[in-house]
Amino acid sequence: KIHRAVLAYASDMTLLSTCVLPHAELSWAKGTIMSASLDHAIWFHDDFRADEWLLYTCESNWAGRARGFNNGRIYTRDGRLVANVTQEGLIRPVTPRPKS
């Protein structure tokens, strides 16, 4: 069960950034974007180990009106699909705060 918990946590870390890829000027690192996860779901299909190699493919099916919808698939080294992930998030450009 710990492997499923680790994967659920890790799958939420980068999925939302997929819908921002076409907007190179937006960056969490530069402080030009504000986001919030509105929902995140994961479906486990087979057993796996989170401490072994996994491939996480991500795509954004839709983005607009300050929201992004993203899907991900997680595969083991031998090509088994072990999980599907979906996330919708709020994404807004912001003006970076001046550094003190």
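- Qualifying side-chain contact (heavy atoms from CB on, under 4.5 Å) partners for Asp46, counting only residues two or more places apart in sequence or in other chains: Arg80, Val82.
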Inset, instruction - Would you check, one step at a time, whether the test side chain to side chain donor-acceptor pair (under 3.5 Å) holds for Ser37 with Gln87? - result: CA-CA 7 Å; Ser37 179; Gln87 182 176 38; 2.9 Å; yes
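- To the nearest 0.5 Å, the span separating CG on Leu54 from NE2 on His3 amounts to 10.5 Å.
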Legend entry - Steps toward side chain to side chain contact (heavy atoms under 4.5 Å, CB included) verdict (His45, Asn84): CA-CA 8 Å; His45 308 305; Asn84 279 79; 2.6 Å; yes
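- Across Ile42 and Ser11, no two heavy atoms sit closer than the pair CD1-OG, 4.0 Å.
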Show every donor-acceptor pair shorter than 3.5 Å between a side-chain atom in residues 64-73 and any protein atom, with sequence neighbours excluded, or say none if there are none.
from, atom 1, to, atom 2, distance (Å)
Arg67, NE, Glu88, OE2, 3.1
Asn70, OD1, Cys19, N, 3.2
Asn71, OD1, Thr86, OG1, 3.0
Asn71, ND2, Asn61, OD1, 2.4

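- When side chains are defined from C-beta on, Val85 counts as touching Ile74, because their heavy atoms get closer than 4.5 Å.
- Its side chain within the 4.5 Å cluster rule, Met13 clusters with Tyr9 among the Ile, Leu, Val, Met, Phe, Trp and Tyr residues.
- Remark: Ser35 pairs with Leu16, Trp28, Ile91 by the side-chain contact (heavy atoms from CB on, under 4.5 Å) rule, at least two apart or across chains.
- Summarising the geometry of Leu7 relative to Ala83, their closest heavy-atom pair is CD2-CB, 4.1 Å, with the distance given to 0.1 Å.
- Separating the CH2 atom in Trp53 from the OH atom in Tyr75 is a distance of 10.5 Å, to the nearest 0.5 Å.
- The side-chain contact (heavy atoms from CB on, under 4.5 Å) search around Val6 returns Ile2, Ala50, not counting sequence neighbours.
- Applying the side chain to side chain donor-acceptor pair (under 3.5 Å) criterion to Ser17, with sequence neighbours excluded, gives no partner residue.
- Once rounded to the nearest 0.5 Å, the distance linking CZ of Arg49 with CZ of Arg77 reads 14.0 Å.
- Clustering ILVMFWY residues whenever any of their side-chain heavy atoms sit less than 4.5 angstrom apart, transitively, puts Phe44 in the very cluster that holds Leu15.
- Two residues are said to be in side-chain contact when any heavy atoms from C-beta on lie closer than 4.5 Å; Ile33 and Arg92 fail this criterion.
- In this view, Arg4 and Asp47 satisfy the salt bridge (Lys or Arg N to Asp or Glu O under 4.0 Å) rule, not counting sequence neighbours.
- For the side chain to side chain donor-acceptor pair (under 3.5 Å) test, no residue two or more places apart in sequence or in another chain qualifies with Thr57.
- Hydrophobic clustering, with ILVMFWY side chains joined whenever heavy atoms are under 4.5 angstrom apart, groups Val94 together with Leu90.
- Every side-chain contact (heavy atoms from CB on, under 4.5 Å) that Lys30 has, sequence neighbours left out, goes to Ser27, Thr32.
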